[in-house]
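Written below as structure tokens is the structure these notes are about.
Each chain gets a letter, A, B and so on, in the order the sequences are listed, and its residues count up from 1.
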Amino acid sequence: MKRDKYEKVMDLAKRRGYLWSSFEIYGGIAGFVDYGPLGTMLKNNIINIWREYYVVREEFYEIDSPTITPYEVLKASGHVDNFTDPIVECKECLESFRADHLIEECTSLDTEGKSLRELEQMIREHDIRCPKCGGELGEVKRFNLMFVTSIGPGGKRRGYMRPETAQGIFIQFKRLAGFFRNKLPFGVVQIGRAYRNEISPRQGVIRLREFTQAEGEFFVHPREKTHRRFKEVEEEVVPLLPADRQMDNSIDPEEKVIEITIGEAVRRGIVRHEAIGYFIAITKRFLKDIGIDVKKLRFRQHLPDEMAHYAIDCWDAEIYTERFGWIECVGIADRTDYDLRAHMKHSGEDLRIFVEYEEPKEVETYEIELNYREVGRIFKGDLKLIEKKLKEMDNEEMEKLVREIEEKGRYILRVEADGEVKEFEILKDYLKIRKVVKKIRGEKILPHVIEPSYGIDRILYCLLEQAYREEEDRVYLDLKPKVAPIKVGVFPLVNRDRLPEIAMDIKERLRREGIIAQYDDRGAIGRRYMRMDEIGTPFCITVDGQTLEDGTVTVRDRNTREQERVKIEEIVDYIKSKLE
RNA sequence: GCGCCAGUGGUGUAGCCUGGUAUCACUCUGGCCUUCCAAGCCAGCAACUCGGGUUCAAAUCCCGACUGGCGCACCA
């Protein structure tokens, strides 16, 4: 049986300390991996370069929030409802089915938004039985893709392991807006673990139950989804696979991807605005920079029916792998104000930002003065709600109120509170209305968010796969020096004549300068080179007889195997220049 | 979660049908040797995925679990 590349790469990764299956001595469990020593270094290198892009150059600021998230947050974000599949189990054969799908198939009724009990009732009413054995179906249960936990003793407070790092940013939006002194646009990132209780995770590191995300949230004015520095990326050519071309069967599948500058793509409306376009370009540059072959990269737009519940547009950076084909490694989504709106509604906090106009506007409006002696007596505790509603009314509503009060002498005020709509009858003598001309200096808006979200584990796998090289007499990882875990191997050619001491000293010098170097004097020199090749170490320094005469050593290049003589005194600078 | 297939040192394997605790190679460790690409010699470490059953005796036969692969389902 021929081993495919996935197998060879994972085998090497396991043997050499890149990736291990977790909990292996207890039999292992699917969907979890450990990063070994080299894997951890590689991962950290990737993440640090990512920070270089987003934190240093894009001026996004990084935060770090808890992975355990209380129920309310994920209820508000839609994850509790949208992450839950209703499942029903056959009492006889124990087979389980998606309850909603089953009902829709059997009755062609709509199950959208139905509760578990309603679904169960529908099953009983229509006498739906197990499609496999005809047995009776049990109760409808939730299968939630989020890991559930409880907070505190007694387990009263339900919590989940976060399904994405993004929510941590949205939750702190008010603080963050304050940090950025309420000026749009601004960006925030978070790098950390996220959790999804996949039904059947496979494909090793590609689909994990616990994985690392690096997410950026770029908050923009809803009417200005532009990017200040779009000019800098305009000429970047990107491979795009738009939704309409995916669905158009008249196009040859091989021809569906179009190579186009991102500037042109935005001008022609293929990419709907600069902000998404900008991050597509940045993503291409980042992936190229860490060593991803751009010929194996494409940006695929989500089809309307595959979009997440919070997004109106999404482009995935997909990388081609030999076994799995194109896999999603980065998602660049326009989440609109979905999350902020949801959290604003559920928490009651005003998450809007005040944006000043360039010039103040003069607007005719009304000022309302309540007759407190009267309304206090009538509405009692509800008065606060009414006051708040009146304050928040926009001009249109206000005009309607004024009109109705004048014409009919009364107005029915509807206020939403705690999920209920309350109605209050407002009579003419409850209030005094004055027409005024106000200078409006600006307005409160709820920002939209553009989200580039990177799956670090998948990117790391793709990088390993693409770096994997086989030659007649060796296997090596063609990792870029800047991502390679070990930068330099240092060897004495033979173990005598003080060569080991000199080599050890060179290793120490490199380490002191922050360069990860490894000393090795075991076995023949060729064997040591091979070991370093296999883990992707780009350079090997060898101390030989000539070193004793002229103070030079050889530096071997991993890919070409060519050697160059360099003075020991210059070795640190030499290596440093090669690592950039 | 369902169906099919597989699981022996770090890696690749022999043994399984026809029960009697394991073959070989590479790697790895220590030593000798060695002046540039897995050389050689000596010594050593190291495995039957886990649990149950049958049996005097299980890597081997049976059942289950776990893991991996493939197909179906799932994939905000």
Side-chain angles (χ1 to χ4, degrees), chain A residues 1 3-4 6-8 10-12 14-17 20-32 74 77-85 87-90 93-98 101-102 132-133 143-146 163-164 166-167 194 196-204 206-209 302 305-311 314 323-324 327-328 331 333 335 338 453 471-476 489 491-497 499 521-534 540-549 553-558 560-563 565:
Chain A
M1 195 182 76
R3 282 148 42 90
D4 72 358
Y6 172 81
E7 233 166 306
K8 290 179 189 168
M10 291 308 278
D11 175 46
L12 187 153
K14 195 176 184 180
R15 275 188 294 111
R16 293 305 196 184
W20 294 324
S21 32
S22 300
F23 318 114
E24 204 175 5
I25 64 167
Y26 285 99
I29 173 158
F32 296 92
L74 295 160
S77 70
H79 285 89
V80 169
D81 298 317
N82 290 291
F83 234 54
T84 306
D85 294 339
I87 287 217
V88 66
E89 208 172 70
C90 170
C93 68
L94 301 176
E95 179 91 22
S96 54
F97 306 93
R98 277 285 295 268
H101 290 183
L102 196 60
K132 207 176 170 192
C133 73
F143 179 76
N144 201 306
L145 255 41
M146 291 192 289
E164 56 171 1
Q167 292 305 324
R196 292 170 195 188
N197 200 1
E198 300 284 354
I199 296 172
S200 178
R202 284 189 200 162
Q203 311 163 337
I206 304 300
R207 236 169 117 199
L208 294 171
R209 287 183 166 130
H302 276 205
D305 63 346
E306 66 176 312
M307 210 87 70
H309 64 271
Y310 47 68
C314 185
R323 181 184 280 200
F324 310 113
I327 61 171
E328 169 196 350
R335 296 179 73 136
Y338 178 91
S453 170
E471 287 177 356
E472 323 74 60
D473 60 340
R474 65 165 180 166
V475 163
Y476 69 102
F491 319 136
L493 187 58
V494 286
N495 290 318
R496 55 176 153 83
D497 304 333
L499 301 189
D521 61 11
R522 294 283 94 196
I525 190 76
R527 181 173 298 253
R528 294 178 230 158
Y529 287 145
M530 296 307 146
R531 266 199 289 262
M532 285 298 168
D533 287 344
E534 204 177 20
C540 289
I541 294 171
T542 301
V543 176
D544 59 13
Q546 196 181 326
T547 308
L548 298 171
E549 292 160 25
V553 292
T554 63
V555 178
R556 169 189 179 269
D557 180 273
R558 174 195 62 208
T560 63
R561 306 194 192 188
E562 273 163 19
Q563 294 183 315
R565 291 208 79 93

- Item | Residue met sooner reading RNA chain B from 5', once H309(A) and K14(A) are mapped to nucleotides | K14(A)

- Message: Rounded to whole Å, please give me the gap between CD1 in I206(A) and P in C70(B).
- Response: 12 Å

- Note on the structure: The contact string for nucleotides 27-41 of chain B, one letter per nucleotide 5' to 3', using protein heavy atoms under 4.0 Å with B, S and - for base, sugar-phosphate only and none, comes out as SS-SS--BBBBBB--

- Write down the distance separating the C1' atoms in G53(B) and A46(B), rounded off to the nearest Å. 31 Å

- Task: Could you pull out the closest heavy-atom pair between I525(A) and P492(A), with the gap in Å?
- Result: CD1-O, 4.4 Å

- Message: For U13(B), give the paired nucleotide (Watson-Crick: N1-N3 plus N6-O4 or O6-N4; G-U: N1-O2 and O6-N3; both under 3.5 Å), or none.
- Response: none

- If we take the C1' atom in both C33(B) and C17(B), what is their distance in whole Å? 49 Å

- Task: Can you tell me the distance, in whole Å, between the CZ atom of R207(A) and the C1' atom of G69(B)?
- Result: 15 Å

- C1' gap between C26(B) and A38(B), integer Å: 10 Å

- Message: Expressed as a whole number of angstroms, how long is the span from D11(A):CG to U67(B):P?
- Response: 21 Å

- Task: Pick the C1' atom in G9(B) and in G44(B), then give their distance to the nearest Å.
- Result: 14 Å

- Should C32(B) form a Watson-Crick or G-U wobble pair with both distances under 3.5 Å, which nucleotide is its partner? G40(B)

- Which whole-number value in Å describes the distance from M10(A) CE to G10(B) P? 18 Å

- Exam field: side chain R522(A) to backbone R527(A), donor-acceptor pair closer than 3.5 Å: no

- Quantified in whole Å, what is the C1' atom distance between nucleotide C50(B) and nucleotide U67(B)? 10 Å

- Item | P spacing across the pair G20(B) / G31(B), given as an integer number of angstrom | 41 Å

- Item | Counterpart base for C48(B), defined by Watson-Crick or G-U wobble contacts under 3.5 Å | none

- Note on the structure: Nearest heavy-atom approach of H79(A) to P163(A) is CD2-CG, 3.7 Å

- Between D533(A) and R474(A) the two heavy atoms that sit nearest each other are OD2-NH1, 2.8 Å

- Item | Touch class at under 4.0 angstrom, heavy-atom based, for Y310(A) against every strand present | base

- Query: Taking a pair as Watson-Crick or G-U wobble with both distances under 3.5 Å, which nucleotide is matched to C75(B)?
  - Reply: none

- Message: Give me the distance, rounded to whole Å, that separates A47(B) from A22(B) when you measure between the P atoms they each carry.
- Response: 12 Å

- Task: Round to a whole Å and report the spacing from OH of Y6(A) to C1' of C70(B).
- Result: 13 Å

- Distance, C1' atom - from U18(B) to A58(B), rounded to whole angstrom: 14 Å

- Query: In whole angstrom, what separates R15(A)'s CZ from G9(B)'s P?
  - Reply: 14 Å

- Locate the shortest heavy-atom distance separating A166(A) from R335(A); write the atom from each residue and the value. CB-NH1, 3.8 Å

- Distance in angstrom units between F23(A) CZ and G68(B) C1', rounded: 17 Å

- Go through the steps to decide whether R565(A) and E549(A) satisfy the test salt bridge (Lys or Arg N to Asp or Glu O under 4.0 Å), and finish with yes or no. CA-CA 13 Å; R565(A) 291 208 79 93; E549(A) 292 160 25; over 6 Å; no

- Item | D497(A) side chain to L499(A) backbone, donor-acceptor under 3.5 Å | no

Can you name the atoms? Protein N/O to nucleotides 62-66 of chain B N/O, anything below 3.5 Å, with the distance.
| unit_1 | atom_1 | unit_2 | atom_2 | d |
| --- | --- | --- | --- | --- |
| C66(B) | O2' | G27(A) | O | 2.8 |
| C66(B) | O2' | G28(A) | O | 3.3 |

- Item | Rounded distance in Å - CD1 (I25(A)) to P (G10(B)) | 13 Å

- If you take all heavy atoms of C314(A) and A333(A), which pair is closest and at what distance? SG-CB, 3.9 Å

- T542(A) versus Y529(A), side-chain donor and acceptor atoms under 3.5 Å: yes

- Task: Using a 4.0 Å heavy-atom cut-off across all strands, classify R335(A) as base, sugar-phosphate, or nothing.
- Result: nothing

- Look only at the side chain of D544(A) and the backbone of T547(A), and say whether a donor-acceptor pair between them is shorter than 3.5 Å. yes

- Of all heavy-atom pairs linking R209(A) and E198(A), the shortest is NH2-O, 2.9 Å

